[in-house]
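Only one structure is covered here, and it is reproduced in the block below.
Order of the sequence lines fixes the chain letters, A, B, ..., with proteins taken first and strands second; residue numbering starts at 1 for each chain.
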2 protein chains.
Amino acid sequence: MAARQDRRSWRDVLEEIRNRVLTGRYGPGDKLPRDEDIAAELGCARSTVQRAMRDLADRGVVERRRKGGTRVRPDPVTRAVFDIPVARNEVESRGGSYGYQLIRAAIEETPPPVAAALDMRAPLPMLHVEALHLMNSRPFLYEDRWVLTRTVPEIETVDLGVVSANEWLLANKPYSRCDLRFSAETAGDRVAAIMGLEGGEALFVIERTTWSGDDPITTVKAVYAPGYHLRAEI
Amino acid sequence: MAARQDRRSWRDVLEEIRNRVLTGRYGPGDKLPRDEDIAAELGCARSTVQRAMRDLADRGVVERRRKGGTRVRPDPVTRAVFDIPVARNEVESRGGSYGYQLIRAAIEETPPPVAAALDMRAPLPMLHVEALHLMNSRPFLYEDRWVLTRTVPEIETVDLGVVSANEWLLANKPYSRCDLRFSAETAGDRVAAIMGLEGGEALFVIERTTWSGDDPITTVKAVYAPGYHLRAEI
DNA sequence: TAGTGGTCTAGACCACCTT
DNA sequence: AGGTGGTCTAGACCACTAC
């Protein structure tokens, strides 16, 4: 006799529902039956359906609302999860040796674009840090950072020639909100000079802005050396 | 008298554990108590701790293994979720009018780089499609795609001048695996000519490769017009 | 092989939000 | 105001894997 599955796992439920979406039995925007009815139909507990549905909602396949029910998301998206590692770990996980150079650290008034990124109304004194992260003694990542000293006064006592602002902040000032932006940028003269490029190369850029509650912490532009790419698998 | 919380929710548990990680009470690599002990300590059911811990594991804060227990992830990462929309939806959600142009569609043998991306051993006949997606009649996204017709023979009967290969595939050939790669690339002569650029601009590129089980479906390079960026919030 | 996390259940109550 | 998803519980059993 063939193997038989006695109980339905939440993965089974997930697969079943996903197939119904993919085959069009539940079309974009359609309302699905209540969890309880699906549970009865598939022969499992409601919480098992819940588990599957939550996963489908997390993946962007369906939308769920109390009283409103569960609907197939009308606009299909590819939802990808990326891990953005700390430069040191990224370099070392590739088998390279990590190096770090502080280029500059100084107190300056918030420039308007930085104020905009951090939702700041008025300019304040900020720590402006430029640094270079190296892989095998070659430029890997250039970091241009602004830190609001009012939120993180302790950072003024840190020797940023030894510890990178990124690692110090991660260890000492947890954030509650983070905005991320990926883009491509042409290497300008200054960045080219710092990274040892000719200028004009296409560079991968990650901008990250963080807050602790409503208090702005820092905004940083991370410019990666040519050829860098970020991967994900779904 | 101050407000008091009678029951602990899984979010409370999550916050509590996260704080312990952030304040160093549980340091990187440390082993946490068993779920059952944490449940007893915090006064809730084990399944509530489970719920919180699964979330922390999903966010990359801790790692969990049966019998091995729960440990704080030794390497901190910023884990970001991105939704990569279909070009049409992206254009329309920005309030633009969407347009589509097929540039070329032809059967060709798999070139070596495409074979490598798709894990193919030997070259096979493939459909090579080039297309342009427009926002307000201006180039928004250039798409260079290879489709394995052995996996998706029906696509040869589709009029790709009317429906984009992307939309057709999403609706008709679900994938089970997807590789994604983000990078920056300099506009070459051909892309510049197609997108109406001068050449040399830095362009944001998403490469996506999909499989159905072990069968390769398609690999596509999506080249966005200058100034494009992808956002996420955590 | 024993300890830990993973899953399932049945039931209860709650919170949100559409109707 | 009522229906739907969200959460919590207590208990049971399972699956993986470190020891």
Side-chain angles (χ1 to χ4, degrees), chain A residues 3-18 20-21 25-74 79 81, chain B residues 3-18 20-21 25-74 79 81:
Chain A
R4 192 168 63 86
Q5 200 139 345
D6 293 298
R7 267 197 301 184
R8 233 174 241 283
S9 76
W10 68 270
R11 288 170 193 281
D12 296 332
V13 175
L14 189 152
E15 279 308 312
E16 177 61 30
I17 302 299
R18 193 170 68 153
R20 291 183 184 183
V21 171
R25 174 160 166 191
Y26 300 148
D30 283 2
K31 186 170 177 177
L32 275 62
R34 306 151 49 210
D35 290 3
E36 200 172 334
D37 292 340
I38 292 182
E41 182 200 345
L42 300 183
C44 63
R46 177 164 79 96
S47 35
T48 303
V49 175
Q50 243 282 346
R51 179 72 178 83
M53 286 297 188
R54 175 157 32 85
D55 218 75
L56 287 168
D58 284 347
R59 297 192 199 189
V61 177
V62 300
E63 289 172 330
R64 281 159 76 76
R65 278 185 207 170
R66 284 162 155 143
K67 167 76 178 176
T70 304
R71 289 176 180 281
V72 178
R73 238 184 109 118
R79 183 160 288 183
V81 178
Chain B
R4 194 167 63 86
Q5 199 139 348
D6 294 297
R7 266 200 303 185
R8 233 172 241 283
S9 77
W10 68 270
R11 289 172 193 280
D12 296 332
V13 175
L14 190 152
E15 279 307 313
E16 177 61 30
I17 301 299
R18 193 170 67 153
R20 291 184 183 182
V21 171
R25 174 161 165 191
Y26 299 149
D30 283 2
K31 186 170 179 177
L32 275 60
R34 307 150 52 209
D35 289 3
E36 202 172 334
D37 291 340
I38 291 182
E41 182 199 344
L42 300 182
C44 64
R46 177 164 78 98
S47 34
T48 303
V49 175
Q50 244 283 343
R51 179 72 178 82
M53 286 296 190
R54 175 156 35 82
D55 218 76
L56 286 168
D58 284 346
R59 298 192 200 187
V61 176
V62 301
E63 290 173 332
R64 281 160 74 76
R65 278 187 206 166
R66 283 160 158 148
K67 168 75 178 178
T70 303
R71 289 174 180 281
V72 178
R73 235 183 111 121
R79 182 161 290 181
V81 178

[X] side-chain N/O to [N] phosphate OP1/OP2 under 4.0 Å:
X: B:S47; N: D:dT7; result: no
X: A:S9; N: C:dC8; result: yes
X: A:T48; N: C:dT9; result: yes
X: A:R65; N: D:dT4; result: no

Nearest-angstrom distance from the residue atom [atom1] of [X] to [atom2] of [N]:
X: B:R64; N: D:dA18; atom1: CZ; atom2: C1'; result: 16 Å
X: A:R51; N: C:dG6; atom1: CZ; atom2: C1'; result: 9 Å
X: B:K31; N: C:dG5; atom1: NZ; atom2: C1'; result: 11 Å
X: B:D35; N: D:dG11; atom1: CG; atom2: P; result: 17 Å
X: A:L42; N: C:dT9; atom1: CG; atom2: P; result: 11 Å
X: B:R11; N: C:dC14; atom1: CZ; atom2: C1'; result: 14 Å
X: A:Q50; N: D:dT9; atom1: CD; atom2: P; result: 16 Å
X: B:R71; N: D:dT17; atom1: CZ; atom2: P; result: 15 Å

Grab the N/O contacts between the protein and nucleotides 1-3 of chain D below 3.5 Å, and write none if there aren't any.
residue	atom	partner	partner atom	Å
D:dG3	O4'	A:K67	NZ	3.2

Results of side-chain hydrogen bond (donor to acceptor under 3.5 Å, both in side chains) for [X] - residues two or more places apart only:
X: A:R65; result: none
X: B:E63; result: none
X: A:R46; result: none

_Tell me whether B:E15 at atom CD has more than 12 heavy atoms from other residues, nucleotides or ligands lying less than 6.0 Å away._
yes
_Among residues at least two apart in sequence or on other chains, which ones pass salt bridge (charged side-chain N to carboxylate O under 4.0 Å, His left out) with B:D58?_
none
*What is the minimum heavy-atom distance between A:A52 and A:L14, and which atoms define it?*
CB-N, 3.7 Å
Listing, residues 25-33 of chain B side-chain donor-acceptor contacts under 3.5 Å, not counting sequence neighbours, or none:
residue	atom	partner	partner atom	Å
B:Y26	OH	B:R20	NH1	2.9
B:D30	OD2	B:G27	N	2.8

*So does B:R46 reach the base of C:dG6 with its side chain, donor to acceptor, closer than 3.5 Å?*
yes
